[in-house]
Student: 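I'd like to ask you about the structure that follows.
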Protein chains: 2
Amino acid sequence: MISVVIIGYGNVAQHLLKAFLKVDAVDVKQVYSRTLSKVSHLKNVSFTDDISKLIDADIYIIAVSDDAIPLVSSQINNKGLIVHTSGSVSIDSLKNKGNKGVMYPLQSFSKEKEINFNEVPFCLETQNSDDYQLLEKLTLFLSKKIFAINSKQRQRLHVAAVFVNNFTNHMYTIGQDICDEHNVPFEVLLPLIQEGASKIKFLHPKEAQTGPAIRKDKKTIENHLNLLNDKQQNIYKLLTKSIQNG
Amino acid sequence: MISVVIIGYGNVAQHLLKAFLKVDAVDVKQVYSRTLSKVSHLKNVSFTDDISKLIDADIYIIAVSDDAIPLVSSQINNKGLIVHTSGSVSIDSLKNKGNKGVMYPLQSFSKEKEINFNEVPFCLETQNSDDYQLLEKLTLFLSKKIFAINSKQRQRLHVAAVFVNNFTNHMYTIGQDICDEHNVPFEVLLPLIQEGASKIKFLHPKEAQTGPAIRKDKKTIENHLNLLNDKQQNIYKLLTKSIQNG
């Protein structure tokens, strides 16, 4: 049995809580939230809005906004391993006196959609191997996809995630804008989008590159630019150049 | 029974041929290729490298490079509906004297990977409704996802496809570059990529946008820029600005 206290009650905290409550071998002893009212509807979970009254547990999971991690962690005086869940914050931002770690689930969480943690990679970091084993043991109840990633690597991964997820989604938005302007149903593009995301499971993205840029098909590029507004043109030009320069 | 002649033997032509050969109600009467040797291994298919000797058929499918479509179509004197398969070429580029149409499968084709045409949207265009019905009847043997899309719309769709597919793939490439530079396994990002492509089946991409740009999280953006090279920075800045300006 591993005992856990969850600090925070945002998106990530709520998804983790929900997942841990389904695991018999994990005892969620308490949830802390600054605003008591947010968690007051929860049955079977003890909660507090007073961080000085945390119950002792094996692991404290801080799932609050990045900026709040130093202050919140500095206020925890209990023994036990204290981890945060952020992709972009160093392990050194934890300001508690005891053991520190990171448990970063690399997935985008939205309130509406249930998360299947089996499919979520967790990036773990601790300061010693005992703590790593404990954190890994806890994480294995949620997912088999566990990676030892240090703070420096995690920061890079976080930037890479912005490119492959946030910026990719913006490409979808521009695609939809173009469709909307010309009364073309965006759904025509959905299979192409799925295929694009699927094939890089088997192919290096560089090898999977297709389209007029990589073919250096000047005529098609010229035609495309004529169909776009200024903002779209700037993005089209920059990305075409970037593809061509490898 | 619908009889078909396929003109060309590139990627699209080969995938279409393979698919039609499995349909009893479609009779592939002939394949034309400039270079006879390319098709000479095919059994049960008649082939020719002499375009003046095409067999009569209901539909001629021209699947050659965009630039070659006017010349190749001008050399076909047979009766029957003549269609091309290109996303970026107008129906008017067909220079045959008889009936014209377009049968554009909106998917990226690679030689290595078998295509499941069931999942491929086909954009159809003809000059009259009889031809449309014939082309639709043929296409329905491959896919139920059929859209009536005129040449102007198809050109826009083709640009949109560059954004949602080619440019998206380039985002994956940059993500992989960043991972490689810091010894982080790219596979950590794969579930996030799949999730990003999946959620727009249910959510408008604009609503699905997450990340530091849309949150106007200046501190994270600043940190990210410090981790990138010049080329990556330029793309990061332009796309962040574009997300923020809606």
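Each chain gets a letter, A, B and so on, in the order the sequences are listed, and its residues count up from 1.
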Student: My understanding is that only residues two or more places apart in sequence, or in another chain, count here; which of them pass salt bridge (Lys or Arg N to Asp or Glu O under 4.0 Å) with A:Lys237?
Tutor: none
Student: For chain B, which of A:Leu190, A:Asn245, A:Leu189 has the most heavy-atom pairs under 4.5 Å?
Tutor: A:Leu189
Student: Checking A:Lys219 now: which residues fulfil salt bridge (Lys or Arg N to Asp or Glu O under 4.0 Å) with it, not counting sequence neighbours?
Tutor: B:Asp67
Student: Sort out for me which of B:Asn223, B:Ile178, B:Leu192 touches chain A most, counting heavy-atom pairs under 4.5 Å.
Tutor: B:Leu192
Student: Report yes or no: does B:Gln153 contribute a side-chain atom to a donor-acceptor pair with the main-chain N or O of B:Asn150 at less than 3.5 Å?
Tutor: yes
Student: Heavy-atom distance under 4.5 Å to chain A: side chain of B:Ile235, backbone, both or neither?
Tutor: both
Student: Go through the atoms of A:Asp177 and report whether side chain, backbone, both or neither lie under 4.5 Å from a heavy atom of chain B.
Tutor: side chain
Student: Please flag which part of B:Lys199 lies under 4.5 Å from any non-hydrogen atom of chain A: side chain, backbone, both or neither.
Tutor: side chain
Student: Is a donor on one side and an acceptor on the other found under 3.5 Å between the side chain of B:Glu125 and the backbone of B:Val102?
Tutor: no
Student: If you count heavy-atom pairs within less than 4.5 Å of chain A, which of B:Leu227, B:Leu203, B:Leu228 leads?
Tutor: B:Leu227
Student: For chain A, find which of B:Gly196, B:Gly175, B:Ser198, B:Ala197 contributes the most heavy-atom pairs closer than 4.5 angstrom.
Tutor: B:Ala197
Student: Taking side chain as everything from C-beta outward and backbone as N, CA, C, O, which of these in B:Gln176 sits under 4.5 Å from a heavy atom of chain A? Side chain, backbone, both or neither.
Tutor: side chain
Student: For B:Val188, is it the side chain, the backbone, both, or neither that has a heavy atom closer than 4.5 Å to a heavy atom of chain A?
Tutor: both
Student: Are A:Thr126 and A:Leu124 close enough that some pair of their side-chain heavy atoms sits under 4.5 Å apart?
Tutor: no
Student: Output the residues of residues 131-149 of chain B for which the shortest heavy-atom distance to chain A is under 4.5 Å, in residue-number order; output 'none' if no such residue exists.
Tutor: B:Lys145, B:Phe147, B:Ile149
Student: Between A:Tyr236 and B:Phe167, does the ring pair (Phe, Tyr, Trp, His ring centres under 6.0 Å) criterion hold? Intermediate values first, please.
Tutor: CA-CA 8 Å; A:Tyr236 190 104; B:Phe167 290 165; 5.2 Å; yes
Student: So what's closer than 4.5 Å to chain A heavy atoms on B:Leu225: side chain, backbone, both or neither?
Tutor: neither
Student: Please look at B:Ile200 and chain A and tell me whether the side chain, the backbone, both or neither of the residue comes under 4.5 angstrom of a heavy atom of that chain.
Tutor: both
Student: Using a 4.5 angstrom heavy-atom cutoff, name the option from B:Thr240, B:Asn234, B:Thr210 with the most pairs to chain A.
Tutor: B:Thr210
Student: On the 0 to 90° scale, with breaks at 30° and 60°, tag the B:His224-A:His158 ring pair as parallel, tilted or perpendicular.
Tutor: tilted
Student: Need one label for A:Thr220: side chain, backbone, both or neither, based on atoms under 4.5 Å from any heavy atom in chain B.
Tutor: side chain
Student: Looking at A:Glu119, A:Lys201, A:Gln155, A:Gln232, which has the largest count of heavy-atom pairs under 4.5 Å with chain B?
Tutor: A:Lys201
Student: Should A:Arg156 and B:Glu181 count as an ion pair when the cut-off is N to O under 4.0 Å?
Tutor: no
Student: Counting only non-hydrogen atoms closer than 4.5 Å, does B:Phe186 touch chain A with its backbone (N, CA, C, O), its side chain (CB onward), both, or neither?
Tutor: side chain
Student: On a heavy-atom basis, which atom in A:His170 and which in B:Ser242 lie closest, and how many Å separate them?
Tutor: NE2-OG, 2.6 Å
Student: May I ask you to name which of A:Ile193, A:Asn166, A:Val184 has the most heavy-atom pairs under 4.5 Å with chain B?
Tutor: A:Asn166
Student: Given that the side chain runs from C-beta out, which part of B:Asp217 has a heavy atom under 4.5 Å from chain A: side chain, backbone, both or neither?
Tutor: neither
Student: A:His15 vs A:Phe117 aromatic rings, parallel, tilted or perpendicular, using cut-offs 30° and 60°?
Tutor: perpendicular
Student: Is any side-chain heavy atom of B:Arg154 less than 4.5 Å from a side-chain heavy atom of B:Ser151?
Tutor: yes
Student: Please enumerate all residues that pass side-chain contact (heavy atoms from CB on, under 4.5 Å) together with A:Ser86, with sequence neighbours excluded.
Tutor: A:Asp66, A:Ile69, A:His84, A:Ser88, A:Val89
Student: Of the listed residues (A:Pro191, A:Ala208, A:Gly211, A:Pro212), which shares the most heavy-atom pairs with chain B below a 4.5 Å separation?
Tutor: A:Pro191
Student: Regarding A:Glu195 and B:Ser108, do their side chains bring together a donor and an acceptor under 3.5 Å, going by distance alone?
Tutor: no
Student: What I'd like to find out is whether the side chain of A:Thr85 reaches to under 4.5 Å of the side chain of A:Leu16, using heavy atoms alone.
Tutor: yes
